[in-house]
Each structure stands twice: as structure tokens, then as C-alpha cells.
Amino acid sequence: MNTRITTLLLAGLIASACADADQTAQTAETDAPPATAASADEAAIEQLRADYVSHYNQHHPDVVAGMFTDSVYALWADGTVNMTRSEVQASLTQDMEATPTLTLETGDVMVFGDNAVARGSYTVNLTPPGAAPVALSGSYITHFTRVDGAWKINGLASNYDTIPPAGAVPEAAVDEPPPPPEEGTMDDVVAAYTTLLAAGDWAGLANLYTDDAVVAFSNAPPLQGRSAVQARFAEQFTGPASIEVHDVGTLDLGGGFALDGGWYTLNATTSDGAITQSGAYLNLMRQQADGSWKIHWSVSNGQPTPAT
């Protein structure tokens, strides 16, 4: 995973989202009741995703790229990072060489004024030039922003639900810029996560997630609920584990929710042996009655390598 380029991308999460929201806040007002407006927004977002799939499967990279904002941040499952719409189009154009077919499964959608967050899963079938067909699948979180009254994709993070076949993931770039400042606001969650993981306190670690959390760890199917998260920790780690989390940016969505992103490096002993895993994460956070924050939705996309 090209972690340092990923962090630069995530650093734009706050600035880009807030800029787009400020630009459109005065033009997005509606006289409709809140429930009606939310329903209309959800329908518009679902239509955008349907159009995305349709034009992706027709291999129209320019049309698909036009569904993104100018200040997009895209953390693709294969480690590719796009920071502009033109970079998205270039990545999509390269993808089309494998004649892919995409299917999206819609999960939940939450609308927060001029921002919205959606989660779901995907499957893409492709045939790389000169290679055998392959099917890849995983989870995603998408951040939408209203621009001039229309919804656009402002950011996303996706992963694989199993370790991809050899050759399916490109090698990370060697030359990477230094990481940006950490400007996220989830310090308490990061500190607790680090401490509890090192202590092997799986119940305490799982308690950092909401009771109805939906969590997609890298290379694993999504989990539903805190108890499933706790069971996953207990099953995954068979020895010492430590994590270094860099909380890059937080976007306050209002209503007790926030979108938080960053990157991490995990060193752990698993059933497959000692590993090092670096990747990005994107979390939808939910504030609790006591003012603390818990992870409500999560996608992380690091790939493991043997520990050195």
C-alpha cells in the first residue's frame, strides 16, 4: 500500500469537503420537510450509483470520472490513490483494458445536509490482457458532496474481502512524499485502540465500536455488530500485536456523526505467522451520550507482508 501518498490524499478530506459544502450550502436549501428531502437525496444518490455501474460496464471512463468532484480523494482497494478527477479518469481508463464488469450491492445511506455517506459491497469480474479471468470483491465507503445542487462523489475507500490473487495488486510506488500533519480529532479513540490492542483486550477493543457497527477489515468479509468484531480480533491474533495509527483528518457531518480518515501500520502475530500490514482507513464515527466517539462504519485496506 502506498501509505504516504494515501496520507496526502486523506489530508484533503477536511479542506475539500468543507470547501464544497461552503460553496453549495446556500444553493441547496429546500422547502420540503426533512424526511421528504432526505428521501429525495437518497434516491438521487442511488441513481448516481446506478449510473456509475452502467457507464463503468459500458467502459466509459470519462463519463464515470465526471461523477467525481474536482477535489476527490479515492483510496482504491488495489492501493491506487487518486487525488484529482483527471487521475480518476486515468485509473479508470487503465482498468478498462481488462474489460471489467462491476456489480454494486447497496448498503446504508446517511445524508447530512450537503454531505452523505454510503456503504456497501462490490464484485468486479475482469480479464487482464494475457491473463486468466479473475473476480475481485470487497467493501466500500463513499463520501458524497452536493455541488451546484447535484450529488457528486467526493471520496471513497474500498478493500478486498480476501487476499487477492498474485499479480492482481500493483506494486506500490517507491518514491513517496513525506506524510502530512495529523489533524484528526479522534485522539482518544486512537490512544485507546493502541493500548487495548497491545494488551490483547478484545472486549475493550470491540467496545470502541457501536453495538450495530458494520466493519470491513482488509481481506475479510464485513462484520455486523460489536460481538462479531470481538470474535474477529480473538480469532485473528494469536500473539503480540501493535498498531501505529495516524489520524489525518476529521469532517464533522453534524447530528453526532463525523467522517474520519488516516493510515496505520500493524505488526502482529496471526495464524499465518508474523506480519506487517500498512494501509488506509475511513471511518464513520458516531458520538455517544457522554460525548465520546465510537466507530460506526469502517473500511481498511492494507495488505499484509511477512514481518522483517
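Residue indices begin at 1 and follow the sequence shown.
- Val72 and Tyr122 end up in the same hydrophobic cluster when Ile, Leu, Val, Met, Phe, Trp and Tyr side chains are linked at under 4.5 Å.
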Side chains of residues 195-206: which donor-acceptor partners sit under 3.5 Å, not counting sequence neighbours?
residue, atom, partner, partner atom, Å
Thr195, OG1, Ala191, O, 3.0
Asp201, OD1, Gly204, N, 2.8

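- Of all heavy-atom pairs spanning Asp212 and His296, the tightest one is OD1-CE1, 3.4 Å.
- Taken from NE2 in His143 to CG in Asn154, the straight-line distance is 5.0 Å, to the nearest 0.5 Å.
- Under the salt bridge (Lys or Arg N to Asp or Glu O under 4.0 Å) criterion, Arg49 pairs with Glu46, sequence neighbours left out.
- Cluster membership for Tyr209 and Phe237, using ILVMFWY side-chain heavy atoms within less than 4.5 angstrom, is shared.
- Between atom CG of residue Leu223 and atom CD of residue Gln230 there is a gap of 12.0 Å, rounded to the nearest 0.5 Å.
- Annotation: ring-ring contact (aromatic ring centres under 6.0 Å, His included) contacts of Phe112 (sequence neighbours excluded): Phe257.
- Using modelled atom types and a 3.5 Å distance limit, the side chains of Gln277 and Tyr264 yield a donor-acceptor pair.
- Residue pairs that meet the side-chain hydrogen bond (donor to acceptor under 3.5 Å, both in side chains) test with at least one member in residues 231-240, sequence neighbours left out, are Arg232-Gln236.
- Shown here for Asp41 and Val111, the closest heavy-atom pair between the two residues is OD2-CG1, 3.7 Å.
- There is a path of hydrophobic side-chain contacts, each under 4.5 Å, that joins Leu136 to Val53.
- Applying the side chain to side chain donor-acceptor pair (under 3.5 Å) test to Arg226 and every residue at least two apart in sequence or in another chain returns nothing.
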Result block: side-chain N/O donor-acceptor pairs under 3.5 angstrom for residues 267-274, not counting sequence neighbours:
residue, atom, partner, partner atom, Å
Asn267, OD1, Thr276, OG1, 2.7
Thr270, OG1, Asp272, N, 3.1
Thr270, OG1, Gly273, O, 3.1

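- With sequence neighbours excluded, the residues forming a side chain to side chain donor-acceptor pair (under 3.5 Å) with Ser298 are Asn283, listed by chain and number.
- Under a hydrophobic-cluster definition in which Ile, Leu, Val, Met, Phe, Trp and Tyr are linked whenever side-chain heavy atoms come within less than 4.5 Å, directly or via other members, Met285 and Tyr193 are assigned to the same cluster.
- Looking only at atom types and distance, the side chain of Trp293 has no donor-acceptor partner in the side chain of Asp188 under 3.5 Å away.
- Applying the salt bridge (charged side-chain N to carboxylate O under 4.0 Å, His left out) test to every pair with at least one member in residues 102-111, sequence neighbours left out, gives these pairs: Asp108-Arg119.
- No side-chain N or O of Thr101 forms a donor-acceptor pair with one of Asn125 less than 3.5 Å apart.
- The two residues Ser91 and Thr80 come nearest to each other via the heavy atoms OG-CG2, 3.5 Å.
- Residues satisfying the side chain to side chain donor-acceptor pair (under 3.5 Å) criterion with Asp95, sequence neighbours excluded, are absent altogether.
- Remark: His59 engages no residue in a ring-ring contact (aromatic ring centres under 6.0 Å, His included) (not counting sequence neighbours).
- In terms of heavy-atom proximity, Gly113 sits nearest to Arg146 at O-NH2, 2.9 Å.
- Annotation: side chain to side chain donor-acceptor pair (under 3.5 Å) contacts of Ser54 (sequence neighbours excluded): Gln58.
- Every residue two or more places apart in sequence or in another chain that forms a ring-ring contact (aromatic ring centres under 6.0 Å, His included) with Phe217 is listed here: Phe233.
- For the pair Trp151 and Leu48, the tightest heavy-atom approach, listed with the atom from each and the gap, is O-CD2, 3.6 Å.
- The OG atom of Ser278 sits 8.5 Å away from the CG atom of Leu266 when rounded to the nearest 0.5 Å.
- Interatomic distance, OG of Ser71 versus CE of Met83, reported as 10.5 Å (0.5 Å rounding).
- Heavy atoms only, all atoms of each residue included: Gly249 and Asp260 are closest at O-OD1, 3.1 Å.
- The CZ atom of Phe68 sits 10.5 Å away from the NZ atom of Lys152 when rounded to the nearest 0.5 Å.
- The closest side-chain donor-acceptor pair between Ser218 and Asn159, if any, does not fall under 3.5 angstrom.
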